[in-house]
Structure formats: C-alpha cells, structure tokens
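I have placed the structure first, in the form of structure tokens, so that the comments after it can refer back to it.
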There are 4 protein chains.
Amino acid sequence: MSFNSFGRLFRFTSWGESHGPAIGAVVDGCPPGIALSEADIQPWLDKRRPGQSKFTTQRREPDEVRILSGVFDGKTTGTPIGLMIENVDQRSKDYSDIAGSYRPGHADYTYDVKYGFRDYRGGGRSSARETAMRVAAGAVARLVIPDVTIKAYLVELGGDPIARAAMDLEAIDQNPFFCPDPRAAERWAAKLDEVRKEGSSLGAVVECVAEGVPAGWGAPLYAKLDAELASAMMSINAAKGVEIGDGFEAARLRGEQNADAMEPGEDGPTFRSNHAGGVLGGISSGQPVVVRVAFKPTSSILTPVPTVDRDGAASEIVTKGRHDPCVAIRGVPVVEAMMALVLADQKLLHRAQCG
Amino acid sequence: MSFNSFGRLFRFTSWGESHGPAIGAVVDGCPPGIALSEADIQPWLDKRRPGQSKFTTQRREPDEVRILSGVFDGKTTGTPIGLMIENVDQRSKDYSDIAGSYRPGHADYTYDVKYGFRDYRGGGRSSARETAMRVAAGAVARLVIPDVTIKAYLVELGGDPIARAAMDLEAIDQNPFFCPDPRAAERWAAKLDEVRKEGSSLGAVVECVAEGVPAGWGAPLYAKLDAELASAMMSINAAKGVEIGDGFEAARLRGEQNADAMEPGEDGPTFRSNHAGGVLGGISSGQPVVVRVAFKPTSSILTPVPTVDRDGAASEIVTKGRHDPCVAIRGVPVVEAMMALVLADQKLLHRAQCG
Amino acid sequence: MSFNSFGRLFRFTSWGESHGPAIGAVVDGCPPGIALSEADIQPWLDKRRPGQSKFTTQRREPDEVRILSGVFDGKTTGTPIGLMIENVDQRSKDYSDIAGSYRPGHADYTYDVKYGFRDYRGGGRSSARETAMRVAAGAVARLVIPDVTIKAYLVELGGDPIARAAMDLEAIDQNPFFCPDPRAAERWAAKLDEVRKEGSSLGAVVECVAEGVPAGWGAPLYAKLDAELASAMMSINAAKGVEIGDGFEAARLRGEQNADAMEPGEDGPTFRSNHAGGVLGGISSGQPVVVRVAFKPTSSILTPVPTVDRDGAASEIVTKGRHDPCVAIRGVPVVEAMMALVLADQKLLHRAQCG
Amino acid sequence: MSFNSFGRLFRFTSWGESHGPAIGAVVDGCPPGIALSEADIQPWLDKRRPGQSKFTTQRREPDEVRILSGVFDGKTTGTPIGLMIENVDQRSKDYSDIAGSYRPGHADYTYDVKYGFRDYRGGGRSSARETAMRVAAGAVARLVIPDVTIKAYLVELGGDPIARAAMDLEAIDQNPFFCPDPRAAERWAAKLDEVRKEGSSLGAVVECVAEGVPAGWGAPLYAKLDAELASAMMSINAAKGVEIGDGFEAARLRGEQNADAMEPGEDGPTFRSNHAGGVLGGISSGQPVVVRVAFKPTSSILTPVPTVDRDGAASEIVTKGRHDPCVAIRGVPVVEAMMALVLADQKLLHRAQCG
C-alpha cells in the first residue's frame, strides 16, 4: 500500500513527483474560521527553497504555493484545503543516464522491486521535493496551535557539534546552516565547501524544540506524542534516527540522574530539568518538547560507487545533477513542519476526548 | 483521544491495566488457515515474564495467555483473535502511598492533567504490564511472516557497550541480559547488582535484527517501513530513541562512507555493506532490517526525589514496590514483538497493492 | 481484510464467535470521568436477550457483561474499556449436521469461499450473537451523549405496517415486538405464531428516532452523519435496506412537498416538517434524526431448501436449532446501539474540529 | 471533523468547492503498472457533465480532467494520482442573493451552525459539483477491477417506475434519463419537462448492478461489502435511502420466499435467485451485486418557501440559478463510480488478508 496521508484528525495528503507538472497536498480537518492566505505559507517555503546558498542544490524553484480550496473570505471554512506548487525548473535530462542503474542509498532499487518500475526523473516520488508540501501543510498547522513556538536548527554537522554554551537562537537565521553557534557555522562552512568541491556530502543532526505545548497532549498507547513524532521525523528523506529529550544519552544515566524533579510553581508544578524532552507516558508535560533527528549524508555524490543496473549486471555510478551537499540543512524547516503537524493533530485529538 | 490499536491491516488493540482483573488484546486482520494455539504464544511471554532473575521485578505473574476467539480446529479463521491474560499477583497496597504524589519520570502527572484523575495502582494503563499483550500479539504476527527471523539483544547497559567482535548470538539466552557478549554480561551483572542494591537503576540500548525480509515491503511516504518501526519502538514504555541502520552514526559519515555499494549476486543484487539498516526510501532492500532502541533507566527508584502532590504542594517521593533495575532487559522481547507486528502489517500492505 | 472496529474517535472493536468460550469488545476513546458500571450496560443487554418470548430463539443466555478495564473508582479513565460476556448455552451438536452444507441466506458459503473454511458452530463469527457486544458498547456510547434520547421500534412486520395515527411510544415495551401500535402488535402475534409453527420466518422494518441531537454534528463528505448511519445499520445481520427521513418515499415527492420550511423559533430556527430526517448535507439540523432499517426474514427455516454441500454436490437443507422467527425483533436494541455509537463518535468528531 | 477521504486501501481524497478555481482528488493506493491516461477518465466525466439536455443544469462545464501525478510512461506507478478539474463557468452572482438566507433542503443552515459561516457560492463544498471527482476517481477504480462490469440506470422517476419486463440495457444511453425502459423514458420526459417549467423538481431511484464480482470480497464485520456500499451511496448528495438486493421488499417476504436456493454449476455452486443482491454475511456471493439508491427531489426550486435568514428573522426564498430538475439523473454515473470505488477497495482488502 501507498500511504500518503499523515495525521489522524488534522490530516494532510500529499501528491506529486519531482519532475511532474506540480506537487500538492490536501489539508483535511482544519478548524474553521482561521485567517489563512498564501502569505501565511510562503515564508516557510522560502526558508526551505533550494538555491539560496552554495550549500544547497542549485535547482531554481520559486515554490509559489496556491490555495485552491478550503478558504473563503480569507478564513478557513472547515473543508479540505487544496494546496499546489507548480514545478518549474525540471531538468529531466540530468537524470536520464541513471534511469537504468541503481544509485546506492537511494530508493531506486527498492521502488523498482516493489512497483516493477519507477519514475526515475529526479527520484520521482522519493525525491525530497515532496517535503515542500510538508512545509506548506505545516504552515497551516502552525495556525492551529498559535500559542506554540517551534524552532529547529542544526546541532551537529559532519560530526562537529555546536558548543551548547555558545547557543544563540538569534544566530540561526544569520548563517546558511540554521546554526545557533556562529563559530560552529564558520567551521561548517569551510568544511562543507571543501567536501562539496570534492563531490561528496556530509550528514548532520537537527534539533527541534516546541515551546508553549500545554500538558496533556498525547494519545496513549499507540499514538503517543513521542511515537507520533518518531514516525513523523523518520518519514523525512534521509532521516536515520530520532531522539526525544536526552534520547540515547538517557540510556547512559542512572535513575536519579535522569529523574526530572518537580516543584510547586506559580502556574502549577514545574520541573527542575527536562531529560524527558517534555513527554511523560506519551503525553506532554508542559515542558518544551525536544526532538533530534539524524540525517545521513546525501546519497547523490560524484564519487564513483559500484552498483548494478536494471538487468542485474555490475556497473558503476556517479550521480550528476544538482544536489545538496548536506540535505539536513533544508531538512530544518521540514522537521519544524512535521512537529507542527503532529502537535496540531494531538491538540484536536485531545480536544475530542477531553475537551 | 486514546488510540490503543496498532497496525493498519494486521492490527491489534490492547486493553487492561496493571492491577485490573485482566489484560487482553484483539488481533484483527490475521490471514486464515494459520495453525495457532496458546503453545505458539506462551514461550514468547515466558521470555518476558517477570521474576526470572534478580535483575527483573519480583512480581510473580504466570502470564498464562488464553485464546478466546478467531481459532477453529487449531487454525486461524480470519476473524478477530481475542487474547487474555488474567492478572494474578496484584499488590495494590504497594502503590497506595503514591496515589497522591507524582513519581518523576512516570506518567502520573501527565495522566492526571490529561484525564483529570488516574488509576494509580501500579501505573494503571501506563504500566509496562501492557507490553505482555504486545508480546502475545507479536507471537501471532511471527506466524504471518514465517520466513523472517527476528532477534533482539542488549548492546549497551549503563553506558557500557558490548564488544562487536565478541558478538555471539548463541550467548543471548545464556545470561539474564539477552547479551550477545558473555564478558559484557559479566560486567553488567556486577554493575547492575550494585546499582540495584543502591535502589537505583540503569538505562540500556536494545538492538533488533530481522533477517529474511524480502525487498519491497514498505508503504511510502507516511507508512514507510522505518517510520512505522520508529513509531512502534518509541511507543514502548521508557523508550527515548530509535535508530535505523547506522542511525546517528550515519550523520557523522561522508557520502562515500555511507553508501552501500551493490554488486550482482546469485539471487539478484547484493550489498557490500548495510549502513542503511535494510531500508531505502522507506522500503525494505532485502538486507537485514536493523533497529536500535534506547531505554531510559527505570524511573521507579528508592532514592528520594523532590516532587509535588496532587494539591501542588512540595513533596518528596521514594518509589517502593517491585521494579526492574533495568527495564530494557524485559524490553527485549517487546522490541522483537513490535518488529514482528510492523513486518506482518507491511507484508499485508504490500500484498494488497502489489500482490 | 477483517475490520472488526467501528467508529473513528469513539471506536469499539468486537471479537468472539457464537460458540466460543466468550464474546467481547474494546471501547476506545471514551471520554474520562463518566460514571460507568455493569449496571449501566446490563439493562440494554436484557432487552436484547434471547428466550424472552416464543417469538425469539429459545437459546438461554444470561448475557452477563463484565467490565475488565478502563474504569477506576466507578468512573471511566479515558483508557480502553474491555467488555466480556461468557457464552453459556452452547449446543454445538445442533449445528454439526450443517457443517458440510450451505444454508441459503447465511454466510456459510461466502465464509468458506473467502477464508477457505469456517467455524460452523452457530454461524461462528457471522452469528447475530456478536450484536450483544454492539448493545454493550452502545450502552457506553449513550453515556457520552446524555442529552440524546434514542428510541427504536418495529413499524412493519411481514408487510403489515402499524397505523401511524395509533402510535404510542408507551406501548413499545408492553408487547414482545417493540411495537408502538397495540393493535398491530396483536395482529403480528397471531401471524408470527402461525408462521413460527410452520417453521418459517418473517421480515420486518425497524424505525429509530434520536431526539436531542444538536445541529452541527456530521463530518462531510465521507463521514456524513447519514452515511455513517447507513454503514452502521447495514452492518447489522439481516439488514437489507436503510432510509433516512422519508427515504424512498422522498423519491416520490416534488421539490415543494419535500422542502422542510423553516421559521424563527425561541431557541433559533425551527422546521415545519422533517422530511429530511434531521440531516442536511450530512450534518444534523437539530431535528430528530430518523432512520429505518429493513430486515429480511430469518434464513434459518424448517422448510427444506435446495442447496449444495462443501463438495459442490446437490443437497437439501432444513435448518434445525433454535432461531428467531423474526430477527428484526431483537434487532431493535441493536439498531438503537448503532445509533448511539454513531452519535457519540460524531459528537467527538465535531468537538475535535469545531469544539 | 471533516473526512474527505473514502476507502481503506484504494483511497481517494477530494477537495474543492463549486465556485473555487478548481476541484480535485488524490487517488492513493492504486496498484502499479496499470495503463492510465486522461482518456480513460474523460468519458465517464462526460456522462455526468451538466448541460447535456434540458433536464440537467445549464451550467456549462467542460470538466476536463488533468492527471498531475502518479503516472509515468502511461502507467500508474503506485504513488498517489493527483487529479484536477478547473472550474470554468462560475456565475457567483447567481448566488449572492441567497448568501443571507437558508435554502430549505440544502446544507446552508447546517454548515453555518457547524462551521460558523459558509462559502455560499453555489453551495460551496456541499455542491454536487464535488461528485465530478468521485466519477474521476471511480474511473481509475474501474481499471483495478477490469473483470467487473458496472451499470446504473433510473428505475423510477417521480413515483413512476419502469416496467421490469420491458427492461433493455441498450436503451439506457439512448435517452436523457439513463432509463432502460424506452416507454417510461417518454413518460418521464413529458412529466419532468412540465415540472421543470413549473420551477419544481422530482425525485427518482437509481439501480446499480455490478457483474463479474467474484465470491469472497467483503470485510466483516464493520467493512462488510453491503455496509461499505450503504455508506458510499448515502454520502452522495440528495441520497436518502439505500437497498441491497430486494431491500425493503425483503422485509415483506417469508423465509422460504427470500431464500436463494443453490445448485451445482459448472464453475461451482450457482443460485436460483438473487434476493440477497449478491451479498451474504457482508461478503460477495459471486452473483451480481445489486444496489438501489433513492434521491430526493432537487431542493433548489422556484416555488417560494418560508425560511429564516442568518439573523434568525422570518424570510421567504426562491432559489434562482441553474439547477437540475431531477438530480438523480446525473447521480447515475456517480452511483456507478461509488460502486467501482467500493469494489476496488474490497478487492485489495481481500488480497491483503487472503491473497
């Protein structure tokens, strides 16, 4: 089966391939009466838009979104919101030479095995191009949870982490890496530029924090807030790992080290620490929700790699075309979007049962 | 909302609390004609059963499963399979003293906020007791994918990892830690015994490998094999992180290091490495599917921790009762069960669209 | 696939066969804090219980329901509610003779074709016995919509309709037919007794009215209130037709005859008629929701009918055992239960999006 | 909640309003490798297209469908199929005068109550315009079940039924009513023309027969083939009743009259009659699947009807604009489409569990 819908009550369904005429999404279940126009969505798409620095693919896509339904007199009507972005800069020829061979690390082989053939143009459906619609749908989701602030950034690139002490959220939008540590950003720029010139790529880790999430969101047991976040993040192209709160580091702590002590606060109980990442028993605790996502290095590289062709014969491949030397960079707005989509859905789920 | 069902086509729904009369599950969508009896389920439950060593809770539960429907003449009929386990050793008094306070790291506070009150006996619904039904349902799932072999084990405990070179799958069942490295098992035994006596706990990392998964299973884009696994694993009590293949380590590799080169094989293309963990573009590649899950240390510890009571007043809590000093140990059969449930579901999903 | 769950947010999953050890259901998504005990469910089960008159099967089932989870201190906790009824009076021998032949009108043939074999004891999963769990789950649903009053009754039996002018809801519980017209009840008694003695059966039509449903419930376009009701009612054993409001009669009216004129009322707009049956555009209008369900005559009859056996050879069958000469009678509480389940679900759906 | 998706595995999601820039749908879960182009869809849309006779609305819509994704080299890829139709002939002014009042029989009032306001242009989302996408998606569904033949037609208009003896399927496409009885078509033409001139409307009954459905399709208990059909048909605008097989007439038969006797046939068991309409226990029997749908008369009429305005004041309304004097006529291709969508879904569901 192909399951191109995400969410349970605030649900979006995406469609489209990298080199088709357009990509789109349907956002269903959005509450009515919310002010919405293209202007609320475009800025988030612009954050993700390619070609903004030498560290992202040079494909030129304006990524202009159109709202085709679900909005009347500037407000959501409660009916499905149709969104569409026309593909403009499609250089299919770039890909014609890889139609017959499997690019290691890509979905070429698995799509062929599963479906019998594939749309090889730019990776077709498996292209990160689809994430533009996640960002668009996420922009709508943000309007459903206006009191929640979502911020994602890179905390590690090519194995080089930021200095937590030097973290400055203001810096995030002042470098091409969404990096909160200016000095790390400088190191990354030098390193990634070098790697880029060598035709290789690097992996990175994105951290996302959602503040303002009230305690009580989460649908135990199999739609737990953290389980939904894990699914959402792992569904992003190139994602290989997800952590909530301390994540794998928590596995190295003792019980008393990991315990987030509580104390009385003016507006109810507060916590002295947040090892849990804002989720207890799959339900939000009122603390910031913290997620980290590991992205593998871009699989499209100029270094020749042994592979096989569609006939099963040995081959070697060099992936030309326009690629991101570090997909995690443009993954930042996508991670934010998935966080928004999960939280908007959980808000509605909570309201349904306990509202 | 409360979503106590897992799976899309091979779906199971669990019910029951730690200290209620019983816990149970309904397995829906199971193919007909599969030989099934309690004898196919009980061994897996026994692996998870508490009280088998000093490293797991001393609660004594026989965990005898009964099949109440869906089987006729020893074979599944295609109708829902009702499973039930009666709770036997319930010492509610153990928990009466924590009815009014919130145990840090537990779901006490969040359940109270979400639902207005909670069944505090043994954690009620949020207790790991529910995982017994996952193991039971997972045992049925294994029968749906007979060609797949699933094996989970601990690869790290309290920050002390096994030696990969010393890995011996035979050793897994010869120590109380499901540890494939005998010497690590010895170190862990000494350390955990000490920690246990101190009334504390340790976290650990479980690795699970599924061999025999054919290429082509996976439902892009939002029911990708890896996204489903991430959701399944993160829904397990105390899980804080999930990795597929190299996971976070992949974020530290360069493109050519991470690329799994392919070459012709007797039965089709083969891979020279498995950094991807058997999943490409959300679809199985035919390689072993590799997942790792990070478990935090048990939150129930004897060390006093500051907290608040239901009235919001400052308090301090010591969690008595019978607890696992390392919940990850009994998490091993649960991780295997979730892997089986995801794969059985994906097998049916694939058959539906491409069968 | 087997889909044994009903509802989207207020969802119940049933399991069990006619002659297994027990039948049960899991009610998931119920709001927390609702007072609930077996005493809230049993009366509805008693209405449906067999053996209460010569016009229903003589099978003796106490149908005593047990709540196994989801309730603490007498209130729902928001976690899944496990319900179970043990089967007591199972005379499997009654059915052994039909194991090899297909009873016309029954699911014997189709279950065999679909699943390869079947649990023939009392019809197994296809038995109306399962409807006991619908009634139990429906009793919980009623508590979620306390302001809604649901009443079902027979309006036609064996082609003999009640006199609308003579309708008296008080009379419903004063005859074995849930008939609101005492004189029709007398005619039906005479006729059905005769038919019963001849070993035959009759069909009937059940009408169900829900009052107190606020305007605004309904999830267009594919979970419209009327579409959900149609699905719910048609899923009941022996149901062959569903009408909303005037139903098929509406197809015989002119536009101006069918129009429900509106006028100002003290509490907002009111309607001068209710041809629509309380649903406009799939959303409740605030008028009574009116549904009618056609039940075919019981397929189990003593009249010999030509059929084939499992080997495909010509045969003839007489269905012994204990059967209802008119299944629609015991269908009345089931229709009420399905109405309650749909409305509770729609209430939560509405609250989620517009709450 | 707004649920604009239909189907479980072969699922389509529609979006768009009567007077927005476009309407569209996403067909997800379609098997790969099926030849598909606009030419496979357009003919079905043309059957439904308005303005083809004086008996349908004079709105002029070319209804040209575009496939925007999911097809490569002329074949479905297994990824979501994006479909879009641009709205051309939108005369919003026609509707401006009814923005403030509620048209009886329409969704105006209920949408306002549910969502707080509504897109009143042509009924917005509640307009029958959306059914164009059902027809488009249904055209794709037909390709998934190539051995199934689906035919719908009017069997009754304004209370005047066809003569079953005179039924001639060839005649269906030779009159503007999809009527299989030429003489009835003549009577209907005279009557409807008169009613149309009087500014009124008539209801009608559509019958749909699917031949070639193999025995075994259907997902008991809550996704039974007949329950899915009931939901599908009742979700169509103006539908008020659904029957399977003999439907309400079955409620007037005795057991032996209703029993479909079986006998040995060359390709397995055959039935001597089809009172059941091809469904037993929610599973197809191999006989033709027969459904009937009752459509109320168009609510948009020129006869003044008392109503209230948005402020709750008494008012009177005459619905100008371009309307169908009998919506059931254009409902015929929609009923066929919903039949195809349900059957394609059930085919995949069956293959998943029993394939």
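Just so we're clear, the structure is a prediction, and the values are computed from it rather than from any experiment. All values below were derived from every heavy atom in this structure, side-chain atoms included, with hydrogens, water molecules and symmetry-related copies excluded. Residue numbering restarts at 1 for every chain, and letters A, B, ... go by the order of the sequence lines.
- Applying the side chain to side chain contact (heavy atoms under 4.5 Å, CB included) rule to D:Pro214 yields the partners D:Trp217; only residues at least two apart in sequence or on another chain are considered.
- By a heavy-atom distance cut of under 4.5 Å, not one residue of residues 126-135 of chain D is near chain A.
- Note on A:Ala22, A:Ser5, A:Pro21, A:Gly82: by heavy-atom pairs under 4.5 Å with chain D, the leading option is A:Pro21.
- Between D:Ser14 and A:Pro80, the closest heavy-atom pair is O-CG, 3.5 Å.
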**Asked** Would D:Ile81 and A:Trp15 count as a side-chain contact (heavy atoms from CB on, under 4.5 Å) if you check the C-alpha gap in whole Å, the side-chain angles of each, and the deciding distance to 0.1 Å?
**Response** CA-CA 7 Å; D:Ile81 300 167; A:Trp15 55 267; over 6 Å; no
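- For D:Tyr222, the ring-ring contact (aromatic ring centres under 6.0 Å, His included) partners at least two apart in sequence or on another chain are C:Phe6, C:Phe12.
- In D:Glu86, the CD atom is not crowded: 12 or fewer heavy atoms of neighbouring residues, nucleotides or ligands sit closer than 6.0 Å.
- Within 6.0 Å of atom CD in D:Glu38, more than 12 heavy atoms from other residues, nucleotides or ligands are found, so the atom counts as buried in its surroundings.
- Proximity to chain D is limited to the side chain of A:Thr13, based on heavy atoms less than 4.5 angstrom apart.
- When the candidates A:Val26, A:Thr79, A:Leu68 are compared by the number of heavy-atom contacts under 4.5 Å with chain D, A:Leu68 comes out ahead.
- In plain terms, the two heavy atoms of D:Tyr115 and A:Thr77 that are nearest each other are CG-O, 3.3 Å.
- Using cut-offs of 30° and 60° on the angle between ring planes, the pair D:Tyr120 and A:Phe72 is perpendicular.
- Note on D:Ser69, D:Gly33, D:Pro31, D:Gly16: by heavy-atom pairs under 4.5 Å with chain A, the leading option is D:Ser69.
- For D:Ala223, the side chain to side chain contact (heavy atoms under 4.5 Å, CB included) partners are C:Phe3, D:Arg8, D:Ala219, D:Glu228, not counting sequence neighbours.
- Taking both residues in full, the closest heavy atoms of A:Gly70 and D:Glu17 are given as N-OE1, 3.0 Å, listed atom of the first, atom of the second, then distance.
- More than 12 heavy atoms of other residues, nucleotides or ligands shown are found within 6.0 angstrom of CZ on D:Arg310.
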